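Input: a single structure, listed below in structure tokens.
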Number of protein chains: 2
Amino acid sequence: MIEKVVSGGVTSAQGFRAAAVACGLKQSGKLDLAVVYSERECTAAGVFTRNQVAAAPVVLDRGVLAAGRDHIRGVVANAGNANACTGAGGLAAARAVQQAAAVALGCRPEQLFVLSTGVIGVPLPVDKIEAGLRIVSKGLSPDNGAAAQAIMTTDTRPKQLAVRVALPGGTVTVGGMAKGAGMIHPDMATMLAVLTTDAAVPAGSLQALLHQAVDQSFNCISVDGDTSTNDTVLLLANGASGVAVENEAALAHLAEGLNAVCTELARLIVADGEGASKFVEIQVSGASGVGKARAVAATIATSPLVKTALAGGDPNWGRILAAAGRAGVQLDAGRLALWVSNPGAPALQLVKEGASTGYVEADAAAVFARPEIVIRLDLGQGQAQATMWTCDLTHDYVSINADYRT
Amino acid sequence: MIEKVVSGGVTSAQGFRAAAVACGLKQSGKLDLAVVYSERECTAAGVFTRNQVAAAPVVLDRGVLAAGRDHIRGVVANAGNANACTGAGGLAAARAVQQAAAVALGCRPEQLFVLSTGVIGVPLPVDKIEAGLRIVSKGLSPDNGAAAQAIMTTDTRPKQLAVRVALPGGTVTVGGMAKGAGMIHPDMATMLAVLTTDAAVPAGSLQALLHQAVDQSFNCISVDGDTSTNDTVLLLANGASGVAVENEAALAHLAEGLNAVCTELARLIVADGEGASKFVEIQVSGASGVGKARAVAATIATSPLVKTALAGGDPNWGRILAAAGRAGVQLDAGRLALWVSNPGAPALQLVKEGASTGYVEADAAAVFARPEIVIRLDLGQGQAQATMWTCDLTHDYVSINADYRT
């Protein structure tokens, strides 16, 4: 059974503390450096961007996991600078941050992950971060709010959540924080998430848990189809609850909790997508394979023509079918069926056998006028299905991104 | 030798005539129905969308080519309605237009191609087109301007061109018209082009000529990554010049002329992309294969983050490298080099070995402030290269597409 923790987040699980400070990376003077720290050693798992131009902290963190997954203590995360495309100096800077954090926190460097998000191609101001770490390490507390704020870039609100999961051996907590907003696409994007649990989980099982959770949450969202150099999801399990999760039944229960946290964080990211005014769920059913359903859903979810139509509240379903048609999946246009709805309301069928059902235009416009829209396309070729979450493409998206650096 | 024809277009080649009329498909009352007609039978070639949701006229025209490529007389094209996603009724409507045009023009239906562009999913008003065909068929003339206007949708200007090619056997002319604007991507988009020549070319050779020309022109452009249900490029050769083009040398010369026409039409389409304020050439060099170079160039050319940065005049090269990194091509980030320039001006190197060269920001901003920008990314892994043409993503793109139907 999963129960949501009121005001939960990355420190809801026992034994985790966090803090944040403004160290001068954001020109706005807002919080930009966060630490999440466990009072005891954790097993850890990570999923990273598949972008071939991986940022320095991604390279560093892959090394941390490779060197040892069962003695991790925490995460240092900064916004305002991605430390990406910074060459050999970038990796040295990430190591310097890791080293300074270890000194400030009183652990070994290889027990810490480093996360960065923000502008690409600018050397990381290590001195500012070092000064910030000396302050932030003294402020660790069970309050999770500041950390979730410090990792924000173009996010308009912090994203955090925790759930309690009742297991045979006792209750454990799973919590986390994430940031997203732009550059969001399957295989993740400028998306960072730090997840924590006080369950005791062997490192191997933890990695498997995280992979399946990411696959059905963060890898199902798209804001603009751009994947990032920095995407990272980390999961730390410190065992502070005293509940060991080792057998399959307990792992399955914990997975439910982890999936709930990841799915909600993923939805929060899309809902807060850059300039987004609408939250859209794309369901593709009737495919002859899950991969095909995913490909069609992803192509619809990233189509600029579909997304601008959504922004305009225009039920221009021809663009949805046209996007499906270029997904690289063989389709029989004459078998396509399309429904639209708002969550919880009955669906309106717009397309049957590839052509209009003769629906009433005002009914379709009413569905598209609301802030949450569900689009279901049935391919009529099999039983497989997939779901993606996306948002609309608005004037504000262009404004935000036409002038992000300056 | 290739010589541009002043005010040239689809009727510059001998023996071709054209006409257009406003038959009521465009709510604006502007020209929306065009005919291109040859006084004698032509060999013909066609390249069509690979979108699995192909519009009725695409299905019809594939059938026309399959039935016989050497007795074609002309093309009927309408804007204002794409006759796509219109089910079995859509194909019947396309056939009805073909039939009515044959009666009006005095030829057989299977001698005519049908093209449609405009809104998807709305039944084609065949009666309006039939009435229009009775008028337009009486107005055929060597003037090509009206036809190029009639096929426009969100295009802001007609696109047409012709060149003369001197061959050993005499001079031939190659001309054409195109429409584009939105939904433009490799494998074409809501892109229609009608090309004509008065050379006499066997149908098989003509199809090969057209394929290679499209591959290096219309398939190298992207406005928004959306490919369309209707994309079609047709080439008609009527032999009216009396110059037979059969041997390899003559075919190569004619190819040069055809390529010049297609490349210029493709560039005109991008320059007139929906809301475009900048014309951008993406050159990817140093790849280990042409396919890889193309994949990287296409991913950069369609990245919303790159395209909005271009709109803002922001030389945010990190987004260019990040887009390259997610193109599905294995890269060594430490070998990447990037230059930007304006056509004809010296290039400014922004990135060397994956990191900033320490260039002067104002110099980069000056390059990105101009309306024509060349971006060259070298992957440092081989000798292959590819070029794509694209445009920026602006507020106007969103405005045009958020409210296209209504």
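The structure presented is a predicted model; accordingly, all values stated were derived computationally and were not measured. Only this structure's heavy atoms are used, side chains among them; waters, hydrogens and symmetry mates stay out.
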Open item on the list: Does any backbone or side-chain atom of A:Ser356 lie under 4.5 Å from a heavy atom of chain B? Answer side chain, backbone, both or neither.
Closed with: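 A:Ser356 touches chain B through backbone and side-chain heavy atoms alike.
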
Shortest non-hydrogen contact from [X] to [Y]?
X	Y	value
A:Gly325	B:Asn51	CA-OD1, 2.9 Å
B:Gln52	A:Val329	CG-O, 3.2 Å
B:Gly318	A:Ile120	CA-CG2, 3.5 Å

Task: Region of B:Leu336 that comes under 4.5 Å of a non-hydrogen atom in chain A - done: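 Looking at B:Leu336, just its side chain touches chain A.
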
Task: Best-contacting candidate, B:Thr86, B:Leu321, B:Leu350, B:Leu310, against chain A by heavy atom pairs under 4.5 angstrom - done: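 Winner by heavy-atom pair count: B:Leu321.
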
Task: Contact winner vs chain A - B:Gly121, B:Pro123, B:Ala84, heavy-atom pairs under 4.5 Å - done: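 Between B:Gly121, B:Pro123, B:Ala84, the count favours B:Gly121.
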
Open item on the list: Let me confirm one number: the CD1-SG distance from B:Ile320 to A:Cys85, rounded to the nearest 0.5 Å.
Closed with: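 That separation rounds to 10.0 Å.
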
Open item on the list: Taking atom CZ as the centre, does B:Arg335 end up with more than 12 heavy-atom neighbours from other residues, nucleotides or ligands that are less than 6.0 angstrom away?
Closed with: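 Atom CZ in B:Arg335 is not packed in, count stays at 12 or less.
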
